[in-house]
Participant: 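Attaching a single structure in structure tokens format; questions to follow.
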There are 2 protein chains.
Amino acid sequence: MAPKWRDLADRLAEQIRNGEYEPGAQLPQIRELVEAGEGSKATVHQAYKALEAEGLVTSTRGHGTVVRPRTPLKRLGIARYDKAKWRDGDEVAFIADRVASGRAYKRNEQTQTVSREIASSLVAEGLGVPVGSDIYARARLVKEGTQPTHTLTSYYRPEHVEGTRIVDPTPGPAGRGGGYRVLYDAGYEIDHMKEALFARVPTAEEVQLLQLPAGEPVVELHRTTYTADGTVVEFAVGIHSASRFAWEYEFRVPDSANDTGAEDSA
Amino acid sequence: MAPKWRDLADRLAEQIRNGEYEPGAQLPQIRELVEAGEGSKATVHQAYKALEAEGLVTSTRGHGTVVRPRTPLKRLGIARYDKAKWRDGDEVAFIADRVASGRAYKRNEQTQTVSREIASSLVAEGLGVPVGSDIYARARLVKEGTQPTHTLTSYYRPEHVEGTRIVDPTPGPAGRGGGYRVLYDAGYEIDHMKEALFARVPTAEEVQLLQLPAGEPVVELHRTTYTADGTVVEFAVGIHSASRFAWEYEFRVPDSANDTGAEDSA
DNA sequence: TAGTGGTCTAGACCACTTC
DNA sequence: AAGTGGTCTAGACCACTAA
């Protein structure tokens, strides 16, 4: 038999999914359910914690427990890196992306700090430099209104960006055109990229920085950007609030029959 | 001030990360910590639940609380779809992928059930058919040894697969060469694909089916496979245990300057 | 059967939000 | 000040695992 708190949580979850409690609606207070015979305070509380972990509600002291609104997924396709957006236009990629996603045009809040750092093993591998090398780090915290949605930290080799606007720690997207435009002006036109992503539970630090609701996972993105000759000009790490983003990739089915040792059975 | 259970959880987490408790090692029993003055049973229990939710330990009744081993991430690149693997060879793609990932060669356990179903809105949209259409569903549960790692359910339009081995509900990867080989033999050679992915907390059903440890997120993958003329021949949905997989995509930076109305400022 | 974590209670008290 | 969720205790009892 399922525990008492599970039963209660399941009943409430069902009511939420049914729409009996709409987004923003308030659930019964814990003490009410205690008096209604749903169990002791600890038991009801445990049920509420479960609903929170499942992403259905958020509880706040003094305020109550309310049904969480479901934010629409922002779909991230590779079109957001279109050269036309940062090379020719006067809008940086992330703005153009926002327009393309069909949302109301609104400049993202974005904090930015640039610092000179020592390459960790992750960054060193991504950037193709020895561990402990001096590198530049440009860290952004991107918000939708007042709510943080993700962080994105770009790492550069000093010889690629020294003296450019990227190194100038002025708030904003590295001046007109963003980081790729700056690299372009410096003679490094980006040509191809690699993105790797995986999901995990956030660290306590990430929960605070991104103001994550209880139970919200994060998606960690590792992006490597190359010039045509294969030089890595940027390695970036992003931490995304999972419920806000989906990633989309289109590609041709590979066929290595001609360039590998595979036997041809035909 | 942080709650008592948070302090305890943080201390234990630090010891785990330090290696003072190695993977597989057993944490002190709850009753021990209660006697050591760390708080009441409920308090210590709450700390242990937090560690579990953070993916650091797993608790089992009768056995104790042990440090979770960190499974290496399996990296999924688009090379796993290489035509050579399913068209020419006698190994199906998922086996070849396993070999390429550097792991010991071992046939995956895989259950498979084929059924005729009514298209949900998700499947209908993915397959390009009206909601409620008859379609074929081929559901697999893939395990690594005895531990499930992900589900993958492929949906097909009846006219593409009727009479092929795909519809034959024999366990195993749809016969020699897998589903893409069957489609190829039927005159539908796959050409390009689209993958969309996002992370979320699992449903109770998924927790049970995939035997997910507490706090483990899942990654949901939507894969659409096309022939050269743009016909969708397969739409697949996968649910992956998050800590076991990373996805990698390489692509060229798009440049729509020539085929859009973008002004040329040069 | 012994030993482990999990559930549950009844009640006290704390921390935060809102008025 | 009133009202909300969060923490904590002490102890009883349950459910599962392993020898």
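Given the structure is predicted, the values throughout are model-derived calculations rather than measurements. To find a chain, count down the sequence lines: A is the first, B the second, and so on, and within it residues start at 1.
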Participant: Kindly state each residue pair satisfying salt bridge (Lys or Arg N to Asp or Glu O under 4.0 Å) with at least one member in residues 110-126 of chain A, sequence neighbours excluded.
Facilitator: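 Of all non-adjacent pairs touching residues 110-126 of chain A, those that pass salt bridge (Lys or Arg N to Asp or Glu O under 4.0 Å) are A:Arg116-A:Asp134, A:Arg116-A:Glu162.
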
Participant: Please report the distance, rounded to the nearest Å, between CD in A:Gln46 and C1' in D:dT7.
Facilitator: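 Those two atoms, CD and C1', are 14 Å apart.
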
Participant: Give me the atom names and distance for the closest heavy-atom approach of A:Leu73 to A:Ala242.
Facilitator: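 Nearest pair, atom of A:Leu73 first, then A:Ala242: CD2-O, 4.4 Å.
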
Participant: Is there any side chain to side chain donor-acceptor pair (under 3.5 Å) pair reaching into residues 41-53 of chain B, and which pairs are they, with sequence neighbours excluded?
Facilitator: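 Matches after skipping sequence neighbours: B:Ser40-B:Thr43.
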
Participant: A side-chain contact here means heavy atoms from C-beta on lying under 4.5 Å apart; do B:Leu8 and B:Val44 qualify?
Facilitator: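 With C-beta onward as the side chain, the pair touches.
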
Participant: Which pair of non-hydrogen atoms, one from A:Val201 and one from B:Ala53, has the smallest distance, and what is that distance?
Facilitator: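 A:Val201 and B:Ala53 have their closest heavy atoms at CG1-O, 3.4 Å.
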
Participant: Just by distance, no angles: are the side chains of A:Arg138 and A:Thr113 close enough, under 3.5 Å, to form a donor-acceptor pair?
Facilitator: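 No, A:Thr113 and A:Arg138 have no side-chain donor paired with an acceptor closer than 3.5 Å.
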
Participant: May I have the distance from A:Ile30 (atom CD1) to D:dT7 (atom P), rounded to whole angstrom?
Facilitator: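 Value for this atom pair: 10 Å.
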
Participant: OP1 or OP2 of D:dG6 versus the side-chain N and O atoms of A:His45: is any pair under 4.0 Å?
Facilitator: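 Checking A:His45 against D:dG6: at least one side-chain N or O falls below 4.0 Å of OP1 or OP2.
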
Participant: In whole angstrom, give the distance that lies between atom CZ of B:Arg6 and atom C1' of D:dC8.
Facilitator: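 In whole Å, D:dC8 C1' lies 16 Å from B:Arg6 CZ.
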
Participant: Dot-bracket for DNA chain C, please, read 5' to 3', with Watson-Crick or G-U wobble pairs under 3.5 Å on both distances, ( ) within the strand, [ ] crossing, | other strand, . unpaired.
Facilitator: ||||||||||||||||||.

Participant: What does nucleotides 10-19 of chain C look like as a protein-contact string, B for base, S for sugar-phosphate only, - for none, at under 4.0 angstrom between heavy atoms?
Facilitator: -----BBSS-

Participant: Between C1' on C:dT9 and CG on A:Leu33, what's the gap in Å once rounded to a whole number?
Facilitator: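 Interatomic distance, CG of A:Leu33 to C1' of C:dT9: 16 Å.
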
Participant: Near DNA chain C, under 4.0 Å by heavy atom, which residues of residues 21-28 of chain B?
Facilitator: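 Nothing qualifies; none.
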
Participant: Can you give each donor-acceptor pair under 3.5 Å made by side-chain atoms of residues 13-36 of chain B, sequence neighbours left out, with the distance rounded to 0.1 Å?
Facilitator:
residue	atom	partner	partner atom	Å
B:Gln15	NE2	B:Glu20	OE1	3.2
B:Gln26	NE2	B:His63	O	2.8

Participant: Nearest whole Å is fine: how far is D:dG6 C1' from A:Tyr48 OH?
Facilitator: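 So the two atoms are 14 Å apart, to the nearest Å.
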
Participant: Please find the pair of heavy atoms, one from B:Val131 and one from B:Ala119, that lie closest to each other, and give the distance.
Facilitator: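 Distance-wise, the nearest heavy atoms are CG1-O, 3.8 Å.
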
Participant: Residues two or more places apart in sequence or in another chain: which of them pass side-chain contact (heavy atoms from CB on, under 4.5 Å) with B:Thr151?
Facilitator: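 Scan of B:Thr151 (side-chain contact (heavy atoms from CB on, under 4.5 Å), adjacent residues dropped) gives B:Leu141, B:Leu209, B:Leu210, B:Ile239.
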
Participant: B:Thr149: which residues meet the side-chain contact (heavy atoms from CB on, under 4.5 Å) condition with it, sequence neighbours left out?
Facilitator: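 With sequence neighbours excluded, B:Thr149 shows a side-chain contact (heavy atoms from CB on, under 4.5 Å) to B:Val142, B:Glu144, B:Arg244, B:Phe245, given in chain and number order.
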
Participant: Which residues satisfy the side-chain contact (heavy atoms from CB on, under 4.5 Å) test with B:Ala50, sequence neighbours excluded?
Facilitator: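 Once residues adjacent in sequence are excluded, the partners of B:Ala50 under the side-chain contact (heavy atoms from CB on, under 4.5 Å) criterion are B:Trp5, B:Arg6, B:Ala9, B:Glu54.
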
Participant: Return the residues of residues 206-215 of chain B meeting this criterion: a heavy atom under 4.0 Å from some atom of DNA chain C. Order them by number, or give none.
Facilitator: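 Correct list: empty, so none.
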
Participant: Which pairs pass side chain to side chain donor-acceptor pair (under 3.5 Å) with one or both residues in residues 209-223 of chain B, sequence neighbours excluded?
Facilitator: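 Of all non-adjacent pairs touching residues 209-223 of chain B, those that pass side chain to side chain donor-acceptor pair (under 3.5 Å) are B:Arg68-B:Glu216, B:Tyr81-B:Arg223, B:Tyr180-B:Arg223, B:Arg200-B:Glu220, B:Glu216-B:Ser241, B:Glu216-B:Ser243, B:Glu220-B:His222, B:Arg223-B:Glu234.
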
Participant: Looking at A:Lys4, I'd like to know whether one of its side-chain N or O atoms comes within less than 4.0 Å of OP1 or OP2 on C:dT9.
Facilitator: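 Yes, because at least one side-chain N or O of A:Lys4 sits under 4.0 Å from OP1 or OP2 of C:dT9.
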
Participant: Between C:dT4 atom C1' and B:Glu52 atom CD, what is the distance in whole Å?
Facilitator: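 Atom CD in B:Glu52 sits about 14 Å away from atom C1' in C:dT4.
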
Participant: How long is the line joining CG of A:Leu51 and P of D:dG6, in whole Å?
Facilitator: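 One finds 12 Å between P of D:dG6 and CG of A:Leu51, rounded.
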
Participant: With a 4.0 Å cutoff (strictly under), does any side-chain N or O of B:Gln29 reach OP1 or OP2 of C:dG5?
Facilitator: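 It does not, given that no N or O in the side chain of B:Gln29 lies less than 4.0 Å from OP1 or OP2 of C:dG5.
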
Participant: Could you give the CH2-to-C1' distance, from A:Trp5 to D:dA15, as a whole number of Å?
Facilitator: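 Interatomic distance, CH2 of A:Trp5 to C1' of D:dA15: 15 Å.
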
Participant: Who pairs with B:Tyr249 by ring pair (Phe, Tyr, Trp, His ring centres under 6.0 Å), at least two apart in sequence or on another chain?
Facilitator: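 Once residues adjacent in sequence are excluded, the partners of B:Tyr249 under the ring pair (Phe, Tyr, Trp, His ring centres under 6.0 Å) criterion are A:Tyr249.
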
Participant: Can you give me the closest heavy-atom contact between B:Leu152 and B:Ala236, atom names plus distance?
Facilitator: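 Shortest heavy-atom separation between B:Leu152 and B:Ala236 comes out as CD1-CB, 4.1 Å.
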
Participant: Taking only side-chain nitrogens and oxygens of A:Ser59, does any of them come within less than 4.0 Å of OP1 or OP2 of D:dT4?
Facilitator: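 A:Ser59 to D:dT4 OP1/OP2: no side-chain N or O under 4.0 Å.
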
